Amino acid sequence: MTITTLAELSANLRNGKVSSVELTKEYLDRIESSEHNAFISVTSDQALKSALAADKQRSSEDNSSALLGVPIAQKDIFCIEGTRTTCGSKILENFVAPYTATVVQNMHNSGIVTLGKTNMDEFAMGSSNETSYFGDVKNPWSSRQAGGSKGNLVPGGSSGGSAAAVSAGLTPAATGTDTGGSIRQPAAFCNLTGVKPSYGRCSRYGMIAFASSLDQAGPMTHTAEDAALLLNTMAGFDIKDSTSLDVPSEDFTRDLGASINDLTIGLPSEFFGDGLDNDVAVLIENAIKEYEKLGAKIKEISLPNSHLALPSYYVIAPAEASSNLSRFDGVRYGLRAEQYTDLVDMYTQTRTQGFGDEVKRRIMIGAYALSSGYYDAYYAQAQKLRRLISNDFTNAFKECDVIMGPTTPSPAFASGSRSDDPVSMYLNDIYTIPVNLAGLPAASIPAGFTQNGLPAGLHLITPYLSESKLLNIAHQYQLVTDWHRQSPLTTRGNA
Amino acid sequence: MALDNDTVRNIARLARLDVPDNQLEKYSGELSSILDLVAQMEAVDTEGVEPMTHPFDATLRMRADEVSEQNNRENFQAVAPNTENGLYLVPKVID
């Protein structure tokens, strides 16, 4: 089995080898017969309508966009008008969005077809997709495990449904969002390319908010080239998002193919210390050697405050979440409890019944950190540490062009194995969280397989707004390796 | 740091969440372990460090004072649990 890329589908559609309707039907069939629980909603009717429109547009126009008629899946955090949008929560189980997220609108304007909405951790809070109200998602690589264990592995999270869907060939690509690693960690667990753009690149309008100063949407694909193609359709300034970056639009494929023989790779000692799985460490070292063969130079660097990223994040993200999620009160949308005594009790009963345990924990941590008398000790201190962490990166980029390390400390773990201990779950994101705090662009790309047959991700971090360089650095590795082309056995044939 | 049951009750009240008495221990244990993780922050001297609220230190953009939103009341209220004559209905607050 091999993978199917957006670039190949784009060429096949352009050459008339396949129509968008045929392609869309094929993927809808695969979704229908899949057993990964990767989707919360499948929007077959709308998808076929869009595919038909795309085929018509192709026959009447010469210069259609690269992804016209290509089907993809959207994380169920993005509002789509007339479509159920749950964010993985019971509180939004029956919420039909009255408007469409800008990122999705941008993609639809480019002729992209939406197949459906993918499963995710509730309100994007989680690293295993196990906090979803709509059930666990099966990592398609579960069946490839060597040794005795054949139980289900988690796909990572929070964009676990998107990762599982792409990995299992249920869609050629999907969108994700990344607040602390929610694109990159599942990409690493499912052998995908996942890109978190610079903060502000993709509009947050219509993307249900978790931690607004950290949230960023991005592509989850097989290849860096596909990620560049998809990001081209997602990114752009949006007047409706007050933190959208007002920078000229650019072609993120423009640097693909540039030589990287003058590249300097920074390796922070902090990303290779205690807690890193030995197999993963070896794979990352091998990947770095591959870059050296391509002409890159290695520089030892330090990010001395990176151990403060997790503590800082677990104040800032819950604080912003507790504020953002106060809107779910049973008044304007979503669930309302059936029985209550008065207004405050209606809020309380609605929220108690509508939110799951992890969301409640984070709301409560946030409420505590922001409560009277604690603000300076928690939120203000966390934001000062955020500055120190960001300064570390600024200093590091004086000595190197890209920072590399493992995306996660371990490969995918067994379902249920960490869900009882919130803090051990948080450690999954120890390498990805500093990037969100600094707002930098970063990617995870497939870097090989552990002795147990599980994929590991190489983490690439570059300076602000340098996505096109980042994508080329990933692309150059993919030109000389075929890890990203490996597919789990459960994948069915090509489209 | 360990949170006592009264503190957990108070946080839950602030967050408009109900934590039943038989779950107070569970919540106080879990929340305390998160606060233990966070406690590493205390030891860091941040005297003179400017808090970072935005990666680009951007401030809010101003826009021209012109109509940008159409009236979507019916559309928005179609997803509300309970409305009447264009108003959201909630339990009576004032007698």
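Letters A, B, ... are given to chains in the order of the sequence lines, protein chains preceding strands, and every chain is numbered from 1. Because the structure is predicted, anything quoted here is derived from the model rather than measured. Basis for what follows: all heavy atoms, side chains included, without hydrogens, waters or symmetry-related copies.
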B/Pro55 vs A/Arg386 side-chain heavy atoms within contact, under 4.5 Å: yes

Where does A/Met364 contact chain B at under 4.5 Å (heavy atoms): side chain, backbone, both or neither? both

Of A/Phe355, A/Tyr313, A/Tyr378, the largest count of non-hydrogen pairs under 4.5 angstrom with chain B goes to A/Tyr378

Contact winner vs chain A - B/Leu37, B/Leu3, B/Thr83, heavy-atom pairs under 4.5 Å: B/Leu37

Is the backbone of A/Ser326 close enough, under 3.5 Å, to the side chain of B/Arg16 for a donor and an acceptor to pair up by distance? no

Heavy atoms of B/Pro81 and A/Gly334 approach each other most closely as CG-O, 3.6 Å

Shorter than 4.5 Å, heavy atoms on both sides: which option in A/Gly439, A/Ala369, A/Ser242 has the most such pairs with chain B? A/Ser242

Need one label for A/Val423: side chain, backbone, both or neither, based on atoms under 4.5 Å from any heavy atom in chain B. side chain

Under a 4.5 Å heavy-atom cut-off, does chain A meet the side chain of B/Val79, its backbone, both or neither? both

Given heavy-atom pairs under 4.5 angstrom as the criterion, report whether the side chain, backbone, both or neither of A/Leu343 touches chain B. both

Quick check against the 3.5 Å criterion: does B/Gln40 have a side-chain atom that pairs as donor or acceptor with the backbone of A/Leu310? no

Donor-acceptor check, side chain of B/Thr46 to backbone of A/Lys384, threshold 3.5 angstrom: yes or no? no

Greatest number of non-hydrogen atom pairs under 4.5 angstrom with chain B, of A/Tyr368, A/Tyr314, A/Tyr426, falls to A/Tyr368

Cut-off 4.5 Å, heavy atoms of chain B, and the answer for A/Ser322 is neither

Whatever's closer than 4.5 Å to a heavy atom in chain B on A/Tyr379 counts as neither

Can you tell me how far the OH atom of A/Tyr333 sits from the CD atom of B/Gln77, to the nearest 0.5 Å? 13.0 Å

Close side-chain approach of A/Arg336 and B/Val90, heavy atoms under 4.5 Å: yes

Do B/Met41 and A/Leu308 have side chains that get closer than 4.5 Å, going by heavy atoms? no

Distance-minimising heavy-atom pair for A/Leu385 and B/Val44: CD2-CG1, 3.7 Å

Under 4.5 Å from any heavy atom of chain A, what part of B/Thr7 do you find: side chain, backbone, both or neither? side chain

B/Leu14 and A/Ser371, any side-chain heavy atoms less than 4.5 Å apart: yes

Nearest 0.5 angstrom please: A/Lys240 NZ to B/Arg63 CZ, how far? 12.0 Å

Please determine, among A/Asn94, A/Thr341, A/Asp246, A/Asp357, the option with the most heavy-atom pairs under 4.5 Å with chain B. A/Asp357

Among the options B/Asn82, B/Leu35, B/Leu60, B/Val19, pick out the one with the most heavy-atom pairs lying under 4.5 Å from chain A. B/Leu35

Answer yes or no: is there a donor N or O on one side and an acceptor on the other, between the side chain of A/Arg332 and the main chain of B/Tyr88, under 3.5 Å? no

Identify the heavy atoms of B/Arg61 and A/Ser244 that sit nearest to each other, and give their distance. NH1-O, 3.3 Å

Any idea which of A/Gln349, A/Gln381, A/Glu81, A/Lys360 has the most non-hydrogen atom pairs under 4.5 angstrom with chain B? A/Gln381

Specify the closest pair of heavy atoms between A/Val331 and B/Ala80, including all atoms of both residues, with the distance to one decimal. O-CB, 4.0 Å

Contacting region of A/Leu214 [heavy-atom separation from chain B under 4.5 Å]: neither

Residue part contacting chain B, namely of A/Ala377, when any heavy atom lies under 4.5 Å: backbone

Which atoms of B/Leu89 come close to chain A, meaning under 4.5 Å heavy atom to heavy atom: side chain ones, backbone ones, both, or neither? backbone

Ring geometry between A/Tyr464 and B/Phe56 (parallel below 30°, tilted from 30 to 60°, perpendicular above 60°): tilted

Work out which heavy atom in B/Met52 is nearest to a heavy atom in A/Arg387; give both atom names and the distance. CA-NH2, 3.5 Å

Below 4.5 Å, heavy-atom pairs only: which of A/Met346, A/Gln353, A/Arg351, A/Gln383 has the largest tally toward chain B? A/Gln383

With chain A, the option among B/Asn10, B/Val93, B/Thr53 that has the most non-hydrogen atom pairs under 4.5 Å is B/Thr53

So, the part of B/Val8 with a heavy atom under 4.5 Å from chain A: the answer is both

